[in-house]
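Beneath this line is the structure, given in structure tokens, with notes to follow.
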Amino acid sequence: MHIAIISGHDLDIFKGSEGLLVETSYGNVRISRKIMEDREIFFLNRHNSKGSSLPPHKIDYRANIEALSKCKVDTVISIGTVGSINEEMKPGTIVIPHDFIDFTKCRTYTFFNEKRVHIDMSEPFCTYLRKVLSESCKILKLEHKDKAVYLATEGPRLETPAEIRLFSKFADVVGMTLVPEVVLAREKRMCYASICIVCNMAAGLQERLTAREIVRLVSQKKKHIENLIVEAIKRISEDRDCDCRHALEEAEI
Ligand code: HPA
């Protein structure tokens, strides 16, 4: 078993990691590797993996996931920031989504462009990994919600109040980086779950929204997230009752 953490921000627990440059069909990807809790853990900053800082709509999600796959990663914990549409998910809350809606517009969504593979998304996130994250939050007494619908927007702009009113009929949180990362991970048969940090109430639900506010909340929560990752890494076992490994069975026409 090989575990990877994908995040939009560097984490102090990975300071002093060994740097790797992994060759993929989409160019080289920077990953780091460290032994934690007697396990080999990979870390990838999704924005910086190609050498410069890329906005959410320009990230090469296929390069990132292929690079992890080449390192034999089969388990991914992803970290991202979100705005909340649900009054029960206030800024500072950790949200572990169970489903998503894709409102992105111009990304590359699949590894399968030459054959007809239709991946099942009935359970888009790994149920086992979501449980590990939720149990770890409980142990650490972190305020969290273990069910939420994530709506992915194209960005890089934030949403309008009218969009948020529309999304509020179907979703709890909005963010820009989950899709297609979660889909590509499933295509590589990885277990994937996400830790979303609620940084703000979405547009129209609070007075003003700034990128600086998002960054401030992330740095406030960084220690909690790092503790959560270490706790989860300890608890992830080889034995799991999820279907992620069988994602490609009966998927091809
Ligand atoms: N919208 C989209 N992405 C975000 C937000 C938001 O309000 N906050 C943090 N990431």
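Counting starts at 1 for both ligands and their atoms, following the listed order.
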Among all protein heavy atoms, pick the one closest to atom 7 (O) of ligand 1 and tell me residue, atom and distance. N200 ND2, 3.0 Å

Is a donor from one side chain sitting under 3.5 angstrom from an acceptor on the other, for T104 and D102? yes

By number and element, which atoms of ligand 1 are closer than 4.0 Å to a non-hydrogen atom of E159? 1 (N), 2 (C), 6 (C), 7 (O)

Students often mix this up, so state it plainly: with edges at 30° and 60°, are the rings of F100 and F125 parallel, tilted or perpendicular? perpendicular

For ligand 1, the portion of I214 having any non-hydrogen atom under 4.0 Å away: side chain

Just checking, is any N or O donor in the side chain of S237 or D239 under 3.5 Å from an acceptor N or O on the other one? no

Atom indices of ligand 1 within 4.0 angstrom of T81 heavy atoms, with elements: 9 (C), 10 (N)

Can you find a non-hydrogen atom of T153 under 4.0 Å from ligand 1? no

Are the side chains of H47 and P56 in contact, using a 4.5 Å heavy-atom criterion? yes

I want to check a possible cation-pi pair here: K188 against F111, using under 6.0 Å from ring centre and within 45° of the ring axis as the test. yes

Salt-bridge present (E213, R216; N to O < 4.0 Å): no

Contacting atoms of ligand 1, where contact means under 4.0 angstrom from a heavy atom of G175: 2 (C), 3 (N)

Element-labelled atoms of ligand 1 that are located less than 4.0 Å from some non-hydrogen atom of G83: 4 (C), 5 (C), 6 (C), 7 (O), 8 (N), 9 (C)

